[in-house]
2 protein chains.
Amino acid sequence: MKFEAVTIKDIAKALGLSTSTVSRALRDSYEISNDTKKIVLDYAKKINYRPNPIALSLKEKRSRSIGVIVCEIANSYFSQVINGIESVAYDRGYNVIISQSHESYEREVLDLQYLASRSIDGLIISISAETKDLEHLTKLHDRGFPIVFFDRVVDEIQTHKVITNSQGACDATTHLIRKNYKRIANISNATNLLITKSRIEGYKKALKDNGLKLDEALIEYCPHGGLVYEEVEKALDKLFMLDKKPDAVLSTTDKITTSCLRYFKARNIKIPDDIALIGFSNSELTELLSPPLSIVRQPAFKMGEAATNFLLELIESKRPITNFETKVMDTELIIRQSTR
Amino acid sequence: MKFEAVTIKDIAKALGLSTSTVSRALRDSYEISNDTKKIVLDYAKKINYRPNPIALSLKEKRSRSIGVIVCEIANSYFSQVINGIESVAYDRGYNVIISQSHESYEREVLDLQYLASRSIDGLIISISAETKDLEHLTKLHDRGFPIVFFDRVVDEIQTHKVITNSQGACDATTHLIRKNYKRIANISNATNLLITKSRIEGYKKALKDNGLKLDEALIEYCPHGGLVYEEVEKALDKLFMLDKKPDAVLSTTDKITTSCLRYFKARNIKIPDDIALIGFSNSELTELLSPPLSIVRQPAFKMGEAATNFLLELIESKRPITNFETKVMDTELIIRQSTR
DNA sequence: TTGTATGCGTTATCAT
DNA sequence: ATGATAACGCATACAA
C-alpha cells in the first residue's frame with residue numbers, strides 16, 4: 001500500500017500557478033509577490049505539504065544521511081556512542097542509518113556496500129574484530145568518500161579519528177599493582193586491532209614503570225571480540241591452568257568484562273578474594289554488582305558527538321580536507337570493590 | 001567535499017552506448033545481446049558502478065528505508081528490539097533510520113515530522129511516556145502511511161501491533177505471593193500508557209486470584225518512564241513512608257528496575273532481606289547482580305522481528321490492508337535470589 | 001513577478 | 001538489439 005504525498009505540482013495545479021512559482025514561494029524567494037507567497041504558503045500548510053527529501057537529494061547529490069557501522073547495537077558502549085552520534089546528527093538535520101557487523105568481516109563489507117553508493121554522505125565506523133583487509137574502506141576513501149573512525153581505528157587510512165588513549169589500561173594496571181596484585185592477566189580483543197595494541201601497551205607500560213616482569217602467558221586475545229562466550233571461557237581456562245595463576249584480571253572490552261563475570265560466577269570464583277577484576281565497561285549496572293565492579297569507562301556519548309562533528313566537517317567542507325585530526329579522549333577510572 | 005559516483009551515463013559514454021542499453025544490460029534484460037551485456041557488466045564492475053538508490057527511490061516512490069522511534073537506544077530492551085528490526089530489514093533490503101524521543105512528546109512529534117514526508121516507507125514506534133495526543137500519528141495513518149506499534153501501543157489507531165501480555169506482571173506478582181510476600185508494591189510507567197494499564201492489570205489479577213486485598217497506595221507511577229532517577233526515588237520514598245511499608249517491589253520497566261536497585265543500594269536496603277525485588281529487565285547483567293535479580297524478560301529481539309515483518313507486509317501489500325493483527329508475545333519469568 | 005525548460009540517475013515506453 | 005524520450009519531484013537559469 002503506497003503512501004501518496006502532496007507535491008509542488010499538486011499545489012501549482014490547484015492554485016493555477018507554475019511549479020517554479022510555487023517552489024520559489026515556498027522558499028520565500030524575493031522574486032515572488034507577497035500575495036502569491038501567502039496564497040501558496042497557506043495552501044501548502046492546509047494540505048500539509050512536505051518537500052520530498054528524495055527529490056532534493058537527487059538534485060543536491062547529497063542524502064543528508066550518514067551511515068554508522070558498529071559490531072553490535074546492544075552493547076552499552078556502542079549504544080551510548082550512537083546516542084551521541086544521533087544527537088549531533090539530528091541537530092544538524094542528518095539521518096543516521098545504522099548497521100551492525102556482528103564482528104564479521106564479511107558482514108562489514110556487505111554493510112558498507114549497502115550504505116555506500118550515494119545513499120549516505122559519509123560513514124562513521126568502528127571496524128569489526130575480524131577485519132584485517134581494508135580494501136573495502138580504502139576504495140571508498142580514495143575516491144573522496146568521507147569516513148571517520150572511532151574506537152577501533154586503523155593506521156592505514158588518513159582521516160579524522162576518535163579514540164581513547166592507552167592511559168585507561170595503564171591506570172587500571174597501575175591501580176592493581178598498587179593494590180599489591182602481582183600476576184595481572186590481560187584479556188583483550190583481537191590482536192590485529194590497534195585498540196588492542198594500545199591497551200596492551202598501556203598494560204605493559206604500567207608493569208614496566210612499576211618494575212614488574214612481563215609474562216606473555218598472562219595475555220589472552222579474543223579473535224571475535226568476545227562476541228562468543230566460549231572464546232573468553234577458553235582464555236580464562238588457559239589462564240587458570242597456568243602453573244603460576246593470575247591474581248587479577250584486566251579485561252579491556254565491555255563484552256569480555258561481562259563474560260569474565262559470568263565465568264567467575266559459574267565457577268564460584270570469588271571477586272576479589274579469589275581473583276581481582278577490573279574491566280572496561282560502560283554499563284550502568286556495574287556499580288550495582290556485588291562486589292561493585294572497578295571499571296575503566298570510556299566517554300562514549302562524547303566520542304559519538306566528536307566523530308559526528310568530524311564527519312560533518314568532512315562532508316560539508318567545500319574543498320578536500322587533507323589536515324586530519326585524531327581526537328584522543330580520556331577514560332575514567334572508577335575504583336570500586338572488585339579490586340579490593 | 002562531495003563524493004562523485006559513477007552513473008549509467010558515464011558507462012554509456014565510455015562504451016559508446018545509450019543509457020537505456022546500459023540500464024537493460026545491467027538488469028540482464030532479454031533484449032540485450034550477450035556480447036553487449038558482457039562488455040557493460042565488465043566495465044561496470046571495473047569502475048565499481050553502483051546504482052544510485054536515491055534515483056531509484058524517486059522513480060519507485062519508495063525509499064526502502066523504515067523509521068524507528070524509541071525513547072532511548074541505550075536501553076537493553078530497546079537496543080535488542082532494534083537488533084531484531086535491523087536483522088529483518090537488512091535481509092529484505094531496507095535501511096533502518098533510528099530516532100529517539102527521550103520520553104518527550106515534543107521530540108517525538110519532531111522525530112516524526114523528520115522521518116515522515118517520503119523519506120521513509122513506514123514507521124515502527126513505541127510511543128513516549130509523555131504522549132497523550134496522537135494527532136501526529138493519526139494524521140499520517142489516516143493518509144495510508146504504514147505504522148506498526150510495539151511495546152507502548154495505542155488503542156486509537158487500527159494497525160498491526162506487537163506487545164507482550166499482562167501475564168508477565170501477573171506471574172511475577174503470583175510468584176511473590178507464593179513466596180509469602182504480603183505487601184507488594186508496583187512501580188510502573190506513566191498512567192496514560194496502555195502498557196502500564198496492562199501490567200497493573202496483571203498485578204491486580206494476581207492479587208485477586210490469591211485473595212489479597214488491593215492497596216492503591218502501593219502503586220506508583222513514573223510520568224517520565226523512569227528516565228529521570230528522581231521520579232523513581234520519589235515513588236520509593238513515598239512507599240517507604242507508608243505506615244504499612246511494602247515487603248516486595250515489582251518494577252515494570254527496565255529503567256525503573258535499575259533505579260530501584262540504585263535506590264536500595266544507596267540506602268543500604270538489603271535485597272531480599274529488607275525487601276524483595278522483581279523487575280522487568282532485558283539486561284544481561286541482572287543474573288550477575290548480588291543477589292541475582294529475579295526478572296521478567298521480554299522477547300525483545302523477536303518483538304523487533306515481528307514488528308518489522310508486520311511493517312513490511314503493510315508496505316509491500318498491493319492493496320490496503322484492513323485486517324490488522326496484534327501479536328501478543330509471552331514474557332519469561334526468571335526466578336533468582338532477589339525474591340528469596 | 002511569473003512561467004518555461006533543463007537536469008539530477010534511473011527505468012519504462014515507444015520507436016528504429 | 002539498440003536508441004530516444006518521458007517521467008519521478010524539485011530547484012534554477014533563462015525567458016517573458
Side-chain angles (χ1 to χ4, degrees), chain A residues 2-41 43-44 47-65 93 116-121 143 145, chain B residues 2-41 43-44 47-65 93 116-121 143 145:
Chain A
K2 229 166 254 172
F3 169 69
E4 300 292 343
V6 180
T7 73
I8 274 189
K9 211 185 264 180
D10 297 328
I11 300 180
K13 203 177 291 172
L15 265 36
L17 293 167
S18 76
T19 58
S20 48
T21 304
V22 174
S23 170
R24 278 182 282 231
L26 290 168
R27 318 198 75 240
D28 199 28
S29 163
Y30 66 95
E31 341 173 66
I32 304 292
S33 75
N34 285 327
D35 293 354
T36 311
K37 274 184 192 169
K38 191 169 159 33
I39 295 171
V40 172
L41 254 29
Y43 185 73
I47 61 170
N48 196 30
Y49 167 80
R50 305 249 170 245
N52 181 338
I54 291 178
L56 284 172
S57 292
L58 185 59
K59 195 151 183 47
E60 294 177 10
K61 299 196 178 198
R62 64 204 317 264
S63 61
R64 287 202 160 266
S65 65
S117 334
R118 246 165 319 181
S119 62
I120 55 168
D121 295 340
R143 286 163 65 202
F145 187 77
Chain B
K2 230 165 255 168
F3 169 70
E4 300 292 345
V6 180
T7 72
I8 277 190
K9 212 184 263 180
D10 297 329
I11 300 179
K13 203 178 291 172
L15 265 36
L17 293 167
S18 75
T19 57
S20 40
T21 304
V22 174
S23 172
R24 277 182 283 226
L26 289 169
R27 319 194 73 239
D28 199 27
S29 163
Y30 67 96
E31 337 173 68
I32 303 294
S33 74
N34 285 329
D35 292 353
T36 310
K37 274 183 193 168
K38 188 166 162 34
I39 293 171
V40 171
L41 255 29
Y43 186 72
I47 62 171
N48 196 31
Y49 167 80
R50 307 250 168 242
N52 181 339
I54 292 179
L56 285 173
S57 293
L58 184 60
K59 201 151 180 47
E60 293 176 14
K61 298 195 181 200
R62 66 207 315 265
S63 61
R64 289 202 159 265
S65 64
S117 337
R118 251 166 315 180
S119 63
I120 56 169
D121 294 340
R143 288 163 64 202
F145 187 77

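Throughout, protein chains are lettered first and strands after them, A, B, ... in sequence-line order, and every chain is numbered starting at 1.
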**Message:** Could you tell me how far apart B:Glu31 (CD) and C:dC14 (P) are, to the nearest whole angstrom?
**Reply:** 13 Å

**Prompt:** Is there a side-chain polar atom (N or O) of A:Ser18 under 4.0 Å from OP1 or OP2 of C:dT2?
**Reply:** no

**Message:** Any heavy-atom pair between the side chains of B:Val40 and B:Leu15 that's under 4.5 Å?
**Reply:** yes

**Item:** Listed nucleotide nearest any side-chain atom of B:Thr19, set D:dC10, D:dT2, C:dT11
**Value:** C:dT11

**Item:** Spacing of A:Ile47 atom CD1 relative to D:dG9 atom P, expressed in whole Å
**Value:** 13 Å

**Asked** A:Lys9 or B:Ile32: which one's nearest nucleotide on DNA chain D is closer to the 5' end?
**Response** B:Ile32

**Request:** Classify the side chain of B:Arg50 and the base of C:dG9 as holding, or not holding, a donor-acceptor pair under 3.5 Å.
**Result:** no

**Item:** B:Asn52 and A:Leu58, any side-chain heavy atoms less than 4.5 Å apart
**Value:** yes

**Request:** Output the single nucleotide from C:dT10, D:dC10, C:dG3 whose closest atom is nearest the side chain of B:Leu56.
**Result:** C:dT10

**Asked** Whole Å only: how far is the CG atom of A:Asp10 from the P atom of D:dG9?
**Response** 8 Å

**Prompt:** Do A:Lys59 and A:Leu56 come close enough that some side-chain heavy atom pair is under 4.5 Å?
**Reply:** no

**Request:** Indicate whether OP1 or OP2 belonging to C:dT10 is found under 4.0 Å from a side-chain N or O atom of B:Tyr49.
**Result:** yes

**Asked** To the nearest angstrom, how far is B:Ile39 atom CD1 from D:dA1 atom P?
**Response** 14 Å

**Request:** Using a 4.5 Å cut-off on heavy atoms from C-beta on, say whether the side chain of B:Thr36 contacts that of B:Ile39.
**Result:** no

**Prompt:** Out of curiosity, A:Lys37 NZ to A:Glu31 CD, how far, rounded to the nearest 0.5 Å?
**Reply:** 9.5 Å

**Fill in**
Rounded to whole Å, CD1 of B:Ile11 lies from C1' of C:dG9 at a distance of 11 Å

**Message:** Using five pairs at each end of the helix from C:dT1-D:dA16 to C:dT16-D:dA1 to define an axis, what is the angle between those two axes, to 10°?
**Reply:** 60°

**Asked** Does C:dT2 have OP1 or OP2 sitting under 4.0 Å from an N or O in the side chain of A:Thr36?
**Response** yes

**Fill in**
Rounded to whole Å, CD1 of A:Ile8 lies from P of C:dA5 at a distance of 18 Å

**Message:** Students often get this wrong, so: under 4.0 angstrom with heavy atoms, is A:Ser33 touching a base, only sugar-phosphate, or nothing?
**Reply:** sugar-phosphate

**Donor-acceptor pair present, B:Lys59 side chain and C:dA12 base, under 3.5 Å** = no

**Prompt:** So how far is it from B:Arg24 CZ to B:Ile8 CD1, rounded to the nearest 0.5 Å?
**Reply:** 10.5 Å

**Request:** Would you kindly give the NZ-to-C1' distance between A:Lys61 and D:dG9, to the nearest whole Å?
**Result:** 17 Å

**Prompt:** Heavy-atom distance under 4.5 Å between the side chains of B:Tyr43 and B:Ile47, does that happen here?
**Reply:** yes

**Message:** What contact category does B:Arg27 fall into here, base, sugar-phosphate, or nothing, at under 4.0 angstrom with non-hydrogen atoms?
**Reply:** sugar-phosphate

**Request:** Calculate the interatomic distance between B:Asp28 atom CG and D:dA1 atom P; express it in whole Å.
**Result:** 13 Å

**Request:** Check every atom of D:dG3, C:dT4, C:dT11 against the side chain of A:Ser20 and return the nucleotide holding the closest atom.
**Result:** C:dT4

**Message:** I want to verify a distance call: between C:dT10, D:dG3, C:dT2, whose nearest atom is closest to the A:Arg24 side chain?
**Reply:** C:dT2

**Item:** B:Val6/B:Asn48 under side chain to side chain contact (heavy atoms under 4.5 Å, CB included): CA gap, chis, key distance, verdict
**Value:** CA-CA 8 Å; B:Val6 180; B:Asn48 196 31; over 6 Å; no

**Request:** Using a 4.0 Å heavy-atom cut-off across all strands, classify A:Ser57 as base, sugar-phosphate, or nothing.
**Result:** nothing

**Of A:Lys37 and B:Leu58, the one whose closest DNA chain C nucleotide lies more 5'** = A:Lys37

